[in-house]
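In what follows, a single structure is set out as structure tokens and then discussed.
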Amino acid sequence: MDDRLASAGYEHVPDDAGGTAAQGWWDANAAEYLAEHGRFLGPADFCWSPEGLREGEARLLGDLRGRRVLEVGAGAAQCSRWLVSHGVDAVASDVSAAMLAASRAYDEDTGLRTPCVQADARALPFADASFDVVFTAYGALPFVPDAGRVHVEAARVLRPGGTWAFSVTHPVRWAFPDDPGESGLTATRSYFDRRPYVERSEAGRVLYAEYHRTLGDHVADLAGAGFVLERLVEPEWPEGHTRTWGGWSALRGALLPGTAVFVCRLPA
Ligand SMILES: C[S@@+](CC[C@H](N)C(=O)[O-])C[C@H]1O[C@@H](n2cnc3c(N)ncnc32)[C@H](O)[C@@H]1O
């Protein structure tokens with residue numbers, strides 16, 4: 001199989017080529033990703049974003065005592081492991097076998113056992129109304145063309161009154177080059193251009209795709225799945241935080257939002 005990156009840019013891709021590519025891309029890149037970001041993320045910590053917003057302080061999910069919690073697009077399940085370390089009944093899921101293998105390795109390192117299931121967030125192997133809270137920190141949603149299906153699945157597995165919370169790149173960022181430096185401060189694309197960012201192999205195969213949705217698109221998807229949006233959190237860049245993560249940096253964080261965290265509820 002031809003896996004070498006040959007081109008990158010913004011373009012529409014047919015049907016589910018991007019969504020299908022995600023599993024292969026994360027399987028191939030899990031080790032490199034965790035080598036770069038693993039120390040910042042974990043192994044047993046709940047970080048919502050490159051700004052370092054942590055659930056331990058933000059408490060966006062409320063009191064989780066006695067709650068059953070599902071994480072989708074969990075990666076190496078650092079967030080769920082943190083919940084498990086606090087006595088919460090949490091299950092992690094992800095489409096990538098390599099990410100789940102990394103999760104098991106973190107379990108061995110920490111002595112914590114984090115239940116993990118391999119699953120596409122658009123087709124969850126769980127019963128209706130079986131969780132009180134579903135969440136993801138930058139998982140699944142950016143990598144599928146049909147994010148609405150993730151919201152519908154979250155709504156299906158949640159009990160009435162349950163919470164769905166997710167963080168994504170702040171939609172405003174899509175108008176700017178993904179550069180942590182000065183050139184990342186000037187808008188060069190339309191905020192309304194929904195073409196995904198796509199990487200292709202020499203043979204033209206889609207290796208990676210990341211999808212943009214405007215704030216209005218997210219709200220429409222949530223309403224379509226029956227959710228009520230309770231909070232939209234835009235974490236500010238903390239003073240003294242110097243770590244750069246891709247296009248996120250102190251320079252840009254001082255001027256532009258980098259992350260949007262949506263906290264939603266199913267009507268009771
Ligand atoms: C940026 S990581 C987020 C995980 C973790 N919070 C972190 O920060 O490392 C994105 C994760 O989404 C997963 N993912 C991508 N598409 C998915 C899908 N359709 N269903 C479930 N997980 C998916 C990837 O395998 C990857 O582990």
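Just so it is clear, the values below take in all heavy atoms, side chains as well, and ignore hydrogens, waters and symmetry mates. Whatever order the structure lists ligands and atoms in, that order sets their numbers, starting from 1.
Taking the six-membered ring for Trp and the full ring otherwise, Y10 and H212 have centroids separated by 6.0 Å or more.
For residues 247-268, every residue pair satisfying the side-chain hydrogen bond (donor to acceptor under 3.5 Å, both in side chains) rule, not counting sequence neighbours, is listed here: E51-T259, Y138-T259, T163-R265, E230-R265.
A distance of 8.0 Å separates NE2 in H151 from CZ in F227, rounded to the nearest 0.5 Å. A distance of 13.5 Å separates CZ in R231 from CZ in F262, rounded to the nearest 0.5 Å.
Side-chain contact annotation: S130 with R159, donor-acceptor N/O pair under 3.5 Å absent. Neither side chain, R4 nor S201, offers a donor N or O lying under 3.5 Å from an acceptor on the other.
Closer than 4.0 angstrom to ligand 1 sit non-hydrogen atoms from A22, W26, Y33, L41, G73, A74, G75, D94, V95, S96, M99, A119, D120, A121, A137, Y138, G139, A140, F143, V144.
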